[in-house]
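Beneath this line is the structure, given in structure tokens, with notes to follow.
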Amino acid sequence: MYDNSVALMQEMRSAGIEYRSDTPLEDDNLIDTIRVGWQGSNLPRTVVLIRVNDRGAHLEAGLGTLAPGARAAALELMNALNADYRWLKFSFDEGGVVMCSSDIFLVPEVAGLFGMAALGRMFDTLNEVYPRLREVLA
């Protein structure tokens, strides 16, 4: 497991943030995966996957599937959200699964601070925009 993954988990534990690591401490994977779940006033229970390598992390959350016939409206909404929240990327795949993602620089010295800030920013933003997303979700 990467040092920045360990540092992030230590800081989350100290802050009382519940998480689950899919990567054993002694593993030499190319990517470590840490899962954090949260529910907001607008956002149903959502899990963010934090995929960590030696230089940074990729955060991603699945938000649901597009409603039938909502593809055009969803594309407009994704473009608007990407313009309004440029630190996050909203998209959907060919199967209509709506995703939110973010990439961050993450070295051990700042892993806790940067990782928790990015995670908090993602959850806050998802809680804010979820009512708009509901319009295009099944």
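Small disclaimer: the values here were computed from a predicted structure and weren't measured.
- Side-chain contact between His58 and Ile31 is absent, with no heavy atoms from C-beta onward closer than 4.5 Å.
- The OH atom of Tyr130 sits 12.5 Å away from atom SG of Cys100, with the distance rounded to the nearest 0.5 Å.
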Handout entry: Phe92 and Met78: CA distance, side-chain angles, deciding distance, side-chain contact (heavy atoms from CB on, under 4.5 Å) verdict
Key = CA-CA 8 Å; Phe92 57 88; Met78 298 298 124; 3.8 Å; yes
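- Side-chain contact annotation: Ser21 with Asp32, donor-acceptor N/O pair under 3.5 Å absent.
- Atoms CD and CG, on Glu60 and Leu88 in that order, are 13.0 Å from each other to the nearest 0.5 Å.
- When side chains are defined from C-beta on, Leu77 does not count as touching Leu75, because their heavy atoms never get closer than 4.5 Å.
- The OG atom of Ser5 lies 9.0 Å from the CD1 atom of Ile50; values are rounded to the nearest 0.5 Å.
- With hydrogens and angles disregarded, a donor-acceptor distance shorter than 3.5 Å links the side chain of Asn82 to the backbone of Phe90.
- No side-chain donor-acceptor contact under 3.5 Å links Tyr85 to the backbone of Met122.
- For Asp93, the CG atom counts as densely surrounded, since its 6.0 Å shell holds more than 12 non-hydrogen atoms of other residues, nucleotides or ligands.
- Counting heavy atoms from C-beta on, the side chains of Leu63 and Leu126 come closer than 4.5 Å.
- Looking at Met99 and Lys89, their side chains never come closer than 4.5 Å, going by heavy atoms from C-beta outward.
- Between Trp38 and Leu43, some side-chain heavy-atom pair lies under the 4.5 Å cut-off.
- Val47 and Met9 are assigned to two separate hydrophobic clusters, defined by single-linkage of ILVMFWY side chains at heavy-atom distances under 4.5 Å.
- The two residues Thr46 and Ala61 come nearest to each other via the heavy atoms CG2-CB, 4.0 Å.
- Contact annotation: the side chain of Arg71 approaches that of Leu66 to within less than 4.5 Å [non-hydrogen atoms, C-beta and beyond].
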Practice task
Before giving the answer on side-chain contact (heavy atoms from CB on, under 4.5 Å), spell out for Glu11 and Leu113 the whole-Å C-alpha distance, their side-chain angles and the decisive distance to 0.1 Å.
Solution key: CA-CA 8 Å; Glu11 288 296 321; Leu113 177 65; over 6 Å; no
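- Atom CG of residue Leu30 and atom OH of residue Tyr2 lie 5.5 Å apart, to the nearest 0.5 angstrom.
- Side-chain N or O atoms of Thr33 include none that pairs as donor or acceptor with a backbone N or O of Val52 at under 3.5 Å.
- Within the 4.5 Å cutoff, side-chain heavy atoms of Leu81 are placed close to those of Arg132.
- There is a path of hydrophobic side-chain contacts, each under 4.5 Å, that joins Met1 to Val107.
- The main-chain N or O of Asn53 is found under 3.5 Å from a side-chain atom of Asn4 such that the two form a donor-acceptor pair.
- Rounded to the nearest 0.5 Å, atoms CD1 (Ile34) and CG (Leu49) are 10.5 Å apart.
- The backbone N or O of Gln10 lies less than 3.5 Å from a partner atom in the side chain of Ser14, making a donor-acceptor pair.
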Practice task
Please report the C-alpha distance between Thr125 and Trp87 in whole Å, then the side-chain angles of each, then the deciding distance to 0.1 Å, and finally whether the side-chain contact (heavy atoms from CB on, under 4.5 Å) criterion is met.
Solution key: CA-CA 10 Å; Thr125 301; Trp87 55 88; 3.7 Å; yes
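- Using modelled atom types, one side-chain atom of Asn42 and one backbone atom of Asn127 make a donor-acceptor pair closer than 3.5 Å.
- Nearest heavy-atom pair across Ala7 and Pro108 is CB-O, 3.7 Å.
- In this structure, Gly115 and Leu8 approach most closely via the heavy-atom pair CA-CD1, 3.8 Å.
- No side-chain heavy atom of Phe114 sits under 4.5 Å from any side-chain heavy atom of Leu119.
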Practice task
Might you work through the side-chain contact (heavy atoms from CB on, under 4.5 Å) test for Ser102 and Ile104, ending with a clear yes or no?
Solution key: CA-CA 7 Å; Ser102 178; Ile104 60 170; 4.2 Å; yes
